[in-house]
Amino acid sequence: PMDRLWRSGIVKSATNGPVWLGCTNLAGDGQADLEYHGGPNKAVLAYSAEHYSVWRDELELADLPYGAFGENFTVAGLTEQNVCIGDTFSVGAAQVQVSQPRKPCWKLARRWKIHNLTVRVQESGRTGWYFRVLSEGQVRAGDTLILVQRPCPQWTVARANTLMHHRAEDLEAAAELAACPYLSDSWKKTLSARVAKGIAVDDNLRLIGPNEPESQPR
């Protein structure tokens, strides 16, 4: 299954010089499946450079390059523990805002042909997060992300991840996060449905997708 033909924008490479950051993506970037990827709330995927040494050891891939997790921005000094929903940063001539944690999908495992990689990323909490773009502008490698506003310090990306994936019973917290005006519409919808039904909806099929062997007729 890992050798089947597939289409994705997950394979990234470094760029030099200025790049235009628009409201839905960086110039030259794109998403193959616009039903689940891309759009204003997922314009930029950020991933912490701090995680790479851990992954290189765990995956025994000493040359795992930045961009390996499909991110647009590999960022130093920021992790899920110290970035919050609604955090607004200036970067280059643009301004971006944290909209949601990333929910990794099967394409990450396909990218590296490591069957359980997507599950491991979700379970570890080292998921990365998405930015929406508040002001378009030129950005370039080496730009500093400068925190401009932090309206929801109680909702770190790490806490939101824990609630989504490991605390399905905490409906009060789910309702609180769903009411956050800075959270993406897709996360609001999922959490609101959890509160309404009193139980989490299982969306873990995205972790495996078509990476499983096709069932054989008996």
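Quick note: residue numbers are just sequence positions, from 1.
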Test log, rule side-chain contact (heavy atoms from CB on, under 4.5 Å), inputs Gln95 and Val148: CA-CA 9 Å; Gln95 192 171 81; Val148 175; 4.1 Å; yes
Verify same cluster id: Val44, Tyr66 (apolar side-chain graph, 4.5 Å): no
With Val96, the side chain to side chain contact (heavy atoms under 4.5 Å, CB included) member among Val91, Leu134, Asp87: Val91
Shortest non-hydrogen contact between Cys180 and Ile85, atoms and distance: SG-CG2, 4.0 Å
Whether Phe73 and Phe131 hold their rings parallel, tilted or perpendicular, with breakpoints at 30° and 60°: tilted
Cluster link Leu147 to Val98, ILVMFWY, side chain under 4.5 Å: yes
Residue pair Lys42, Arg132: steps toward the side-chain contact (heavy atoms from CB on, under 4.5 Å) verdict: CA-CA 6 Å; Lys42 297 180 182 177; Arg132 61 172 64 91; over 6 Å; no
hydrophobic_cluster_shared for Leu117 and Ile208, side chain cutoff 4.5 Å: no
Side-chain donor or acceptor of Asp57 paired with backbone N/O of Val54 under 3.5 Å: no
In one Ile/Leu/Val/Met/Phe/Trp/Tyr side-chain cluster, 4.5 Å: Trp112, Tyr47: yes
SB check Arg56 Asp63 (cutoff 4.0 Å): no
Spacing of Cys105 atom SG and Ile10 atom CD1 [to the nearest 0.5 Å]: 6.5 Å
Note, Ser8 side chain near Arg110 side chain (heavy atom, < 4.5 Å): no
Inter-residue atom distance Leu171.CG - Glu176.CD, 0.5 Å rounding: 13.0 Å
Separation of Met2 CE from Glu212 CD (nearest 0.5 Å): 9.5 Å
Separation of Asn116 CG from Ile114 CD1 (nearest 0.5 Å): 7.5 Å
Residue Ile199 excluded, over 12 heavy atoms near CD1 under 6.0 Å: no
Lys107 (side chain) donor-acceptor with Arg7 (main chain) under 3.5 angstrom: yes
Residues Glu169, Arg167; criterion side-chain contact (heavy atoms from CB on, under 4.5 Å); working and verdict: CA-CA 5 Å; Glu169 74 284 357; Arg167 295 290 302 276; 3.0 Å; yes
Among Thr127, Asn161, Thr190, side chain to side chain contact (heavy atoms under 4.5 Å, CB included) partner for Lys103: Thr190
Asp170 side chain to Ala173 backbone, donor-acceptor under 3.5 Å: yes
Side-chain (Asn41) to main-chain (Ser99) donor-acceptor, under 3.5 angstrom: no
Side chains of Val121 and Thr118 in contact at under 4.5 Å (non-hydrogen atoms): no
Distance-minimising heavy-atom pair for Pro1 and Pro210: CB-O, 3.9 Å
Common cluster, Trp129/Leu191, ILVMFWY with side-chain heavy-atom separation under 4.5 Å: yes
Polar side-chain atom of Glu71 near backbone of Gly67 as donor-acceptor pair, under 3.5 Å: yes
side-chain contact (heavy atoms from CB on, under 4.5 Å) between Arg102 and Phe69, intermediate numbers included: CA-CA 11 Å; Arg102 178 200 201 172; Phe69 292 84; 4.0 Å; yes
Nearest-0.5 Å distance, SG of residue Cys152 to CD of residue Gln154: 5.0 Å
N/O donor-acceptor pair under 3.5 Å between Asp29 side chain and Leu26 backbone: no
Donor-acceptor contact below 3.5 Å, side chain Arg159 vs main chain Gln81: no
Short side-chain to backbone donor-acceptor contact, Ser48 and Glu50, under 3.5 Å: yes
Test salt bridge (Lys or Arg N to Asp or Glu O under 4.0 Å) applied to Arg126 - qualifying residues, sequence neighbours left out: Glu58
Donor-acceptor under 3.5 Å (Gln122 side chain, Pro104 main chain): no
More than 12 heavy atoms from other groups under 6.0 Å of CD on Glu60: no
Geometric class of the Trp106/Trp6 ring pair [parallel <30°, tilted 30-60°, perpendicular >60°]: tilted
Pair Asp143 + Arg140: basic N to acidic O under 4.0 Å: no
